[in-house]
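See structure below.
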Amino acid sequence: MRGYEYQDRDGHLGRYDGATATRLARRAVEAAAPHELPQFPMTAETFHQSSAKYRLWPVRRDEPLAIGLDVVAALISTAALSAAVQVLGHLAQQSTAEAVDLTRNRLLPRLLRRRTRPAVEPPAAPAATEPLTAEQLTRLREVARQAALRWRVPEPQAQAIADGIIAELATLPPERPDTGEPGGEGPAEAAR
């Protein structure tokens, strides 16, 4: 995985997989602005290489993309990439919360029993990753839509970006997409 840093609204830093973010964003651009597809690889590369501080939040009116591109035509692509990173960040936070709950509810009681009983228990089976629920997909769609709107794209394009990202998430394998971890690297086996 080639990880890149991102910064969320609260200023927290995390890492995301560039290939996964690009895949999600490409599907969104196909839906929202297919005319930007020829420039999409260049836009994605520039987006991922830009500073985490400026990548997700447009900051200057004289430079519409705030990432060093002078071409306004790539606005939808940039908004889609930003939305994809926001969705991956949200998934990473959700996965971290689930891991904490798993540790607290399943593993901690087993460890405490081991301390009091000398008998050997079989190791716990790893938790199976379940597909995203409709409620989770709805929340992720809203995260993507809001991220796109922050780039000042029109509402119809923001909705198309969100729909494209969710459609691509639905086509990913049953295990969770390679979101990376807040503040760390994601799984190493992610395809580039």
Nearest heavy-atom contact between I161 and A28 is O-CB, 3.4 Å

Shortest non-hydrogen pair, P38 vs P41, comes out as O-CD, 3.7 Å

What one should report as the nearest heavy-atom pair of L140 and V87 is O-CG2, 3.7 Å

(request) Tell me, with the steps shown, if T78 and W151 meet side chain to side chain donor-acceptor pair (under 3.5 Å). (result) CA-CA 8 Å; T78 304; W151 283 90; over 6 Å; no

Exercise. Any salt bridge between E142 and R145, counting N to O under 4.0 Å?
Worked result: yes

Closest non-hydrogen contact found for L81 with A44 is CD1-CA, 3.6 Å

For A83 and A144, the nearest pair of non-hydrogen atoms, with its separation, is CB-O, 3.5 Å

Output for pair (Y16 OH, Q86 CD), nearest 0.5 Å, gives 10.5 Å

Exercise. So do the side chains of L75 and Q157 get within less than 4.5 Å of each other, counting heavy atoms only?
Worked result: no

inquiry  = Heavy-atom count check: over 12 atoms from other residues, nucleotides or ligands less than 6.0 Å from E135 CD?
reply    = no

* To do: Give a yes or no on whether the backbone of R27 and the side-chain of E168 come within a donor-acceptor separation of less than 3.5 Å.
  => no

Item to check | Main-chain N/O of A134 paired with T138 side-chain donor or acceptor, under 3.5 Å | outcome: yes

